[in-house]
Amino acid sequence: MNDELQIKVQAFLDGELPEAEAREIGSLLARDADAAAMRAELKHTRAALVGFERRILVPETREFYFSKIQREIEREEASASAPARPQHSIFSFWRRALAVTGGVAALAVALLVVTNFGPRGAALEVALGSGEAFTYRNYESGATLVWLSYPAENGLAENQPAATLQ
Amino acid sequence: MKLNSLLVTLALFTAALGFTATAPAADLKFEAQLIWGTSEGMPADSKLKPADAEVRKKLASLPLKWTHYYEVNRQSLAVAANQTKKSVLSDRCTVEVKRLGGDKIEVLLLGQGKEVGKVTQQLPRGEILVLAGNAPAENAWLVTLKRIQ
């Protein structure tokens with residue numbers, strides 16, 4: 001099955017195809033075993049991921065929320081276009097020196113944190129015999145998932161436990 | 001006298017350094033499990049037991065939909081540096097673990113004798129690698145590899 005057809009099967013599942021094309025793909029799914037297997041795989045994957053998309057709720061109306069963003073952009077643009085005032089304070093030298101020292105210290109701390117507490121086990125390479133895979137890593141729990149599109153009918157653990165244990 | 005002490009100290013330090021360099025690296029220990037995932041209950045006559053709590057907790061942190069995980073088989077592996085160890089988890093499922101240096105390992109999953117996938121990653125102590133796929137009737141098979149030591 002080519003890539004274009006795979007995308008169409010996915011669009012068919014998502015209900016995004018025009019009526020004529022949807023009929024065509026529906027007919028293909030009825031007669032083509034590969035296409036039907038692809039649809040089943042996509043359905044399984046989608047079902048497996050259901051419930052893991054977090055909704056973020058903002059405690060304001062949509063209009064008010066975006067108006068705040070708009071106001072903030074306008075405020076930043078206004079302050080950027082305003083002429084910079086020269087500073088003649090006697091503390092200006094110390095302020096500059098402290099800013100430089102603080103920057104260096106922050107860099108050192110960041111380097112220390114990355115070196116000692118940074119994500120471990122991040123380098124992940126996957127090679128497949130056939131089919132496709134997606135990976136997911138939860139750094140907090142230290143768990144990595146590699147989901148393989150290995151045909152269900154060849155399942156490594158069957159739903160008949162007795163057969164699996166043999 | 002001072003020179004003698006210095007020489008003795010230097011000799012001991014050199015010997016210790018040499019011993020450290022030539023001492024064999026400790027084995028890495030893993031636990032491989034074949035797990036069956038389902039959202040339905042287990043038949044009453046099943047002999048499978050629920051997967052252990054730690055593994056279930058790790059699985060719960062991953063985007064998987066199943067609510068029950070049952071242990072089909074569990075094997076321990078101790079892998080020496082630059083060595084490969086094989087673990088047969090069922091007549092269909094075998095996993096091979098190869099050490100590549102440090103915490104880095106290569107995990108080869110075989111299904112009915114054929115390569116299903118090969119994963120290379122660092123697996124520090126306490127972390128878990130899960131290879132999984134669909135099983136019939138909307139269930140799942142999972143092969144977990146947990147680094148014990």
Side-chain angles (χ1 to χ4, degrees), chain A residues 36-54 116-166, chain B residues 34-38 40 42-43 45-48 57-66 70 72-73 89-93 103-104 106-112 114-124 126-144 147:
Chain A
M38 173 78 186
R39 177 178 59 174
E41 184 66 39
L42 287 169
K43 281 176 80 174
H44 282 146
T45 306
R46 186 163 61 177
L49 294 171
V50 160
F52 279 87
E53 286 184 22
R54 278 190 190 167
N116 293 287
F117 307 105
R120 299 178 301 166
L124 175 73
E125 295 165 27
V126 180
L128 300 173
S130 63
E132 293 172 354
F134 79 80
T135 61
Y136 176 92
R137 178 163 175 78
N138 187 322
Y139 284 97
E140 195 179 335
S141 68
T144 304
L145 170 68
V146 180
W147 185 264
L148 302 158
S149 65
Y150 191 68
E153 57 273 22
N154 295 344
L156 298 183
E158 293 191 331
N159 60 345
Q160 297 299 322
T164 307
L165 288 168
Q166 282 172 358
Chain B
L34 178 60
I35 290 171
W36 180 55
T38 180
E40 294 169 11
M42 209 57 190
D45 58 348
S46 170
K47 290 177 184 172
L48 296 187
K57 192 177 171 189
K58 299 263 191 195
L59 293 176
S61 74
L62 296 171
L64 297 168
K65 67 170 182 174
W66 294 277
Y70 295 96
V72 178
N73 195 0
L89 293 169
S90 78
D91 59 343
R92 295 179 171 197
C93 173
D103 287 335
K104 200 168 187 183
E106 179 186 273
V107 182
L108 173 64
L109 181 67
L110 300 164
Q112 301 180 61
K114 292 178 185 169
E115 182 178 330
V116 178
K118 190 189 284 181
V119 178
T120 305
Q121 82 158 125
Q122 288 181 333
L123 195 67
E127 294 207 356
I128 192 170
L129 172 66
V130 181
L131 288 89
N134 286 314
E138 299 203 2
N139 297 314
W141 57 264
L142 303 96
V143 173
T144 64
R147 166 94 180 273

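Letters A, B, ... are given to chains in the order of the sequence lines, protein chains preceding strands, and every chain is numbered from 1.
Contact between B:Ser61 and A:Tyr136 at its shortest, heavy atoms only, is O-CE2, 3.9 Å. Between A:Leu145 and B:Ala132 the shortest heavy-atom distance is CD1-CB, 4.2 Å. A:Ser141 approaches B:Lys58 most closely through the heavy-atom pair O-NZ, 2.6 Å.
In this structure, the side chains of B:Val107 and A:Val146 stay at 4.5 Å or more apart for every pair of heavy atoms. Between A:Trp147 and B:Asn134, some side-chain heavy-atom pair lies under the 4.5 Å cut-off.
A salt bridge links B:Glu127 with A:Arg137: the closest approach of a Lys/Arg side-chain nitrogen to an acidic carboxylate oxygen falls below 4.0 angstrom.
In this structure, chain A has no heavy atom under 4.5 Å from any part of B:Lys57.
Checking each of B:Leu123, B:Leu131, B:Leu129, B:Val130 against A:Thr144 for a side-chain contact (heavy atoms from CB on, under 4.5 Å) leaves exactly one that passes, namely B:Leu129.
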